[in-house]
2 protein chains.
Amino acid sequence: MRIGELSERTNTSRRLLRYYEEQQLIVSTRSANGYREYDERLADRVMQIRGLLDAGLPTRIIKQILPCLDKPRTIHFSDATPEMIATLTLERDRMTERINCLIRNRDAVADYLEAVSGTGDPEVVVARAGSGTGDPEVVIARAGTGAATA
Amino acid sequence: MRIGELSERTNTSRRLLRYYEEQQLIVSTRSANGYREYDERLADRVMQIRGLLDAGLPTRIIKQILPCLDKPRTIHFSDATPEMIATLTLERDRMTERINCLIRNRDAVADYLEAVSGTGDPEVVVARAGSGTGDPEVVIARAGTGAATA
DNA sequence: TGAAACCCTCACATATATGTGAGGGTCAAC
DNA sequence: GTTGACCCTCACATATATGTGAGGGTTTCA
């Protein structure tokens with residue numbers, strides 16, 4: 001697909017798609033006329049990038065994280081230098097901190113909303129945690145706690 | 001306490017503390033000589049601000065979220081205009097999205113690390129979720145999944 | 001009295017992710 | 001063959017969070 005389609009599918013400006021490529025977060029081939037040609041799978045990747053950027057990670061870090069997400073992981077094992085491992089470990093922990101911070105504050109906001117408006121549409125929040133050696137882990141779901149929605 | 005102490009306690013440059021004040025995220029009184037004087041509690045607040053900034057929230061939004069965190073919440077009920085509620089609801093949901101995105105990616109990174117280095121120090125991750133009408137909710141904790149730490 | 005360690009304001013500089021637009025090709029349809 | 005919708009590169013602009021430093025007070029302590 002070309003840049004216009006990817007742009008629409010991911011709701012991301014063409015300018016940004018070119019920027020992500022410049023930052024080596026995505027790749028493209030060029031067709032004869034010089035137009036960028038994108039793989040289907042890139043749509044997902046772009047969404048991932050946007051999410052991470054929105055969560056405060058700089059492109060420099062995202063670039064290092066993205067390979068961890070590829071399906072046939074075996075290919076990337078070779079890149080696993082000690083420095084890379086160290087970086088990823090650090091970033092993993094920073095992400096966990098961010099998560100905890102966001103959860104704390106999100107919950108505070110949610111509490112406030114429920115307190116102030118009776119029922120701030122009690123939402124189902126699902127969070128997959130863990131990710132050990134493969135076993136599917138705990139899933140938590142919070143349902144409304146008594147106060148019925150209008 | 002004065003700005004120097006707050007700066008050290010929160011590991012935040014004086015420049016940034018003044019900036020946060022300018023953005024109305026924190027307040028200070030002035031002593032006779034014009035020096036800023038800070039309340040003890042501000043140290044926590046500054047940490048909170050830094051966490052949220054790091055998680056991608058702009059000061060404009062943080063300013064609206066912070067009042068939700070104050071203990072005697074009753075005081076702030078008056079500010080609860082419909083627009084404010086709408087903003088907070090939106091931001092709560094955006095935070096949840098961020099959380100889910102971060103969890104997904106953090107777990108992917110963690111998986112990668114465990115796969116590549118045997119045991120990437122299996123960490124305990126605690127996440128308080130929910131936050132309903134007061135009842136303490138589910139707590140998930142992931143322990144090492146077999147592979148013992150060195 | 002002078003040096004050191006604080007504090008103040010103001011202004012300019014930087015990095016990062018983005019927007020906008022100029023100047024110019026390609027291609028399909030009419 | 002011209003028009004409209006694409007695409008390209010390049011460059012400049014903007015917002016936000018930060019750093020840096022100048023120019024200048026205050027307090028403390030020798």
Side-chain angles (χ1 to χ4, degrees), chain A residues 1-39 42-43 45-66 91 94 97-98 101-102 105, chain B residues 1-39 42-43 45-66 91 94 97-98 101-102 105:
Chain A
M1 102 189 80
R2 277 174 307 175
I3 204 171
E5 187 178 345
L6 185 58
S7 170
E8 275 185 12
R9 281 213 217 170
T10 59
N11 202 31
T12 302
S13 74
R14 291 139 211 249
R15 171 71 170 85
L16 275 187
L17 292 175
R18 299 197 187 101
Y19 175 68
Y20 297 157
E21 181 174 335
E22 184 187 309
Q23 301 302 308
Q24 303 174 54
L25 303 183
I26 58 179
V27 289
S28 71
T29 57
R30 297 299 181 112
S31 39
N33 51 17
Y35 291 6
R36 267 167 262 253
E37 199 64 36
Y38 297 103
D39 186 291
L42 272 184
R45 167 147 306 204
V46 169
M47 295 309 288
Q48 201 120 32
I49 291 168
R50 304 223 69 188
L52 289 171
L53 277 172
D54 184 60
L57 283 79
T59 52
R60 175 178 40 89
I61 299 300
I62 296 175
K63 181 172 26 168
Q64 311 210 264
I65 286 177
L66 283 178
E91 283 312 314
R94 281 177 56 74
E97 277 170 37
R98 266 177 249 238
C101 174
L102 280 172
N105 286 280
Chain B
M1 97 188 84
R2 277 174 305 177
I3 203 170
E5 188 178 344
L6 185 58
S7 170
E8 275 186 12
R9 282 213 217 171
T10 61
N11 202 32
T12 302
S13 73
R14 290 137 211 251
R15 171 70 172 86
L16 275 188
L17 292 175
R18 300 196 187 99
Y19 175 69
Y20 296 157
E21 181 173 336
E22 185 187 308
Q23 302 302 307
Q24 302 174 54
L25 302 183
I26 57 178
V27 289
S28 70
T29 56
R30 297 296 180 115
S31 39
N33 51 17
Y35 289 7
R36 266 167 263 253
E37 198 65 34
Y38 297 102
D39 187 290
L42 273 184
R45 168 148 305 206
V46 169
M47 295 309 287
Q48 202 118 31
I49 291 168
R50 305 223 70 188
L52 289 170
L53 277 171
D54 184 60
L57 282 78
T59 52
R60 173 178 41 89
I61 299 300
I62 295 176
K63 182 172 26 170
Q64 311 212 263
I65 285 177
L66 284 177
E91 282 313 314
R94 282 177 55 74
E97 277 170 38
R98 266 179 249 240
C101 173
L102 279 172
N105 287 280

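The sequence lines fix the lettering, A, B, ..., with proteins before strands; numbering per chain opens at 1. In what follows, every heavy atom counts, from backbone to side chain, and hydrogens, waters and symmetry copies are set aside. As the structure is a prediction and not an experimental result, all values here were calculated from the model.
Both B:Arg15 and B:Ile3 sit near DNA chain C, but only B:Ile3 has its closest nucleotide nearer the 5' end. Comparing A:Tyr20 and A:Asn33 against DNA chain C, the residue whose closest nucleotide sits nearer the 5' end is A:Tyr20. Nearest-nucleotide mapping onto DNA chain D: of A:Arg30 and A:Tyr35, the residue sitting toward the 5' end is A:Tyr35.
When heavy atoms are screened at a 4.0 angstrom cut-off, A:Arg2 is found touching the sugar-phosphate backbone but no base atom.
Of the possible polar contacts, none joining the B:Thr12 side chain to the B:Ser7 backbone as a donor-acceptor pair under 3.5 Å is found.
Distance check: B:Arg50 CZ to A:Cys101 SG gives 12.0 Å after rounding to the nearest 0.5 Å. A distance of 7.0 Å separates CG of A:Leu102 from CZ of B:Arg98, quoted to the nearest 0.5 Å. Taking CG of A:Leu16 as the start and OG1 of A:Thr10 as the end, the distance is 9.0 Å to the nearest 0.5 Å. To the nearest 0.5 Å, atoms CG (B:Leu6) and CZ (B:Arg45) are separated by 12.5 Å.
Rounded to a whole Å, the CZ atom of A:Arg14 is 12 Å from the P atom of D:dA5.
Contact footprint of chain B on DNA chain C: nucleotides with an atom under 4.0 Å from a non-hydrogen protein atom, first to last in 5' to 3' order, C:dC6 to C:dA11.
Counting heavy atoms of neighbouring residues, nucleotides and ligands inside a 6.0 Å radius, atom CG of B:Asn11 does not exceed 12 of them.
Contact check for B:Leu53 versus B:Tyr20: side-chain heavy atoms found under the 4.5 Å cut-off.
Of the options B:Glu21, B:Arg18, B:Arg2, B:Glu37, a side chain to side chain contact (heavy atoms under 4.5 Å, CB included) to B:Ser28 is made by B:Glu21 and by none of the others.
Listed by residue number, the members of residues 58-66 of chain B with any heavy atom below 4.0 angstrom from DNA chain D are B:Pro58, B:Thr59.
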